[in-house]
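To start, the structure itself, in structure tokens.
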Amino acid sequence: MRNKPTDIDAYIAEFTPTTRSLLEQIRATIRKASPAAVETISYAIPCFKLNGTFLVYFAGYKEHVGVYPLPKGDAKLQKAMAPYIAGKGTLRFPLDEKLPLTLIASVVKQHALENTGRANAKRKKA
């Protein structure tokens, strides 16, 4: 069993060069799409948080990398995500294919909108 990493660098370092490269691309895409998000490890995988709550998770596996969870988004985003949906709330990208970084950025931006909306609603209630 893998050691539980304490930061994203340690998590990524445990993978093969191919998987490391894909994970770094996802990480950079998330950073660019939501610069205010903060990196952490949650449930033993990389996570970005915004407004004190999770924004998006990503992880590496033997044959794919994944991004979680799926945002609600509009019909156009739902259609773009459809080929990559695996299970409930998961986008799965095979290791031997080019990552759809524009799609991943759109997913992160949609999550950021949803996250900020929830945070603003909480502030108004308080």
Side-chain angles (χ1 to χ4, degrees):
M1 183 174 186
R2 260 184 8 197
N3 291 331
K4 287 190 177 184
T6 57
D7 65 32
I8 293 178
D9 289 327
Y11 177 88
I12 291 173
E14 295 180 358
F15 290 92
T16 65
T18 298
T19 304
R20 279 197 307 264
S21 174
L22 296 174
L23 292 171
E24 286 292 0
Q25 289 175 56
I26 292 170
R27 182 186 197 183
T29 299
I30 296 168
R31 281 181 174 164
K32 186 175 180 184
S34 186
V38 177
E39 293 185 348
T40 190
I41 293 287
S42 178
Y43 299 105
I45 62 173
C47 175
F48 278 76
K49 290 186 173 187
L50 183 65
N51 299 312
T53 132
F54 80 88
L55 177 66
V56 65
Y57 293 86
F58 67 101
Y61 300 93
K62 187 176 181 178
E63 297 181 9
H64 69 278
V65 292
V67 174
Y68 321 90
L70 301 178
K72 291 181 176 99
D74 59 18
K76 184 178 176 182
L77 180 59
Q78 294 298 320
K79 184 177 180 180
M81 290 188 303
Y84 305 103
I85 294 174
K88 194 173 185 178
T90 301
L91 292 175
R92 186 179 290 175
F93 307 105
L95 299 181
D96 61 351
E97 293 180 17
K98 185 177 177 188
L99 285 173
L101 297 175
T102 302
L103 171 62
I104 294 169
S106 295
V107 165
V108 173
K109 288 175 184 177
Q110 181 61 39
H111 274 305
L113 286 172
E114 294 170 5
N115 179 296
T116 300
R118 286 189 303 271
N120 289 339
K122 277 185 179 179
R123 278 193 280 277
K124 284 182 182 178
K125 280 186 175 182

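Scored by the side chain to side chain contact (heavy atoms under 4.5 Å, CB included) test, Ser106 finds Leu77 as partners (sequence neighbours excluded). Scanning for side chain to side chain contact (heavy atoms under 4.5 Å, CB included) contacts around Ser21 gives Gln25, with sequence neighbours left out. For the side chain to side chain donor-acceptor pair (under 3.5 Å) test, no residue two or more places apart in sequence or in another chain qualifies with Thr90. In this structure, the side chain to side chain contact (heavy atoms under 4.5 Å, CB included) partners of Leu70, at least two apart in sequence or on a different chain, are Met81, Ile85, Leu91. Judged as a side chain to side chain contact (heavy atoms under 4.5 Å, CB included), and not counting sequence neighbours, the contacts of Ala105 are Thr29, Ala33. Scored by the side chain to side chain donor-acceptor pair (under 3.5 Å) test, Tyr68 finds Tyr61 as partners (sequence neighbours excluded). For Ser42, the side chain to side chain donor-acceptor pair (under 3.5 Å) criterion is met by Tyr57, not counting sequence neighbours. Listed by chain and residue number, Glu39 satisfy the salt bridge (Lys or Arg N to Asp or Glu O under 4.0 Å) test with Arg31 (two or more places apart in sequence, or in another chain).
Within the structure, the salt bridge (charged side-chain N to carboxylate O under 4.0 Å, His left out) test picks out no pair touching residues 56-71 (sequence neighbours left out). A ring pair (Phe, Tyr, Trp, His ring centres under 6.0 Å) check over residues 28-52, counting only residues at least two apart or in different chains, returns nothing. Residue pairs meeting the salt bridge (charged side-chain N to carboxylate O under 4.0 Å, His left out) criterion with at least one member in residues 43-55: none, sequence neighbours excluded. Pairs passing the salt bridge (charged side-chain N to carboxylate O under 4.0 Å, His left out) check and including a residue from residues 90-107, sequence neighbours excluded, do not occur.
The two atoms that bring Val107 and Pro71 nearest to each other are CG1-CD, 3.7 Å, heavy atoms only. When all heavy atoms of Ile8 and Cys47 are compared, the pair lying nearest together is CD1-O, 4.1 Å. Nearest heavy-atom pair, Ala59 versus Ile45, reported as atom, atom and distance to 0.1 Å: CB-CG2, 3.9 Å.
With rounding to the nearest 0.5 angstrom, the CG atom of Leu113 is 10.0 Å from the CG atom of Leu50. How far CD1 of Ile26 is from CG of Leu101: 8.0 Å, rounded to the nearest 0.5 Å. If you take CZ on Phe93 and CD1 on Ile104, they are separated by 4.0 Å, rounding to the nearest 0.5 Å. If you take CG on Asp9 and CG on Leu23, they are separated by 11.5 Å, rounding to the nearest 0.5 Å.
Contact check for Tyr84 versus Val67: no side-chain heavy atoms found under the 4.5 Å cut-off.
Proximity of a side-chain donor or acceptor of Ser34 to a complementary backbone N or O of Ile30 within less than 3.5 Å is not detected. Between the side chain of Glu114 and the backbone N or O of Lys72, at least one donor-acceptor pair lies under 3.5 Å. Side chain of Asn115 to backbone of Phe54: a donor-acceptor contact under 3.5 angstrom is found. Looking at Tyr11, its side chain does come within 3.5 Å of a backbone N or O of Gly60 through a donor-acceptor pair.
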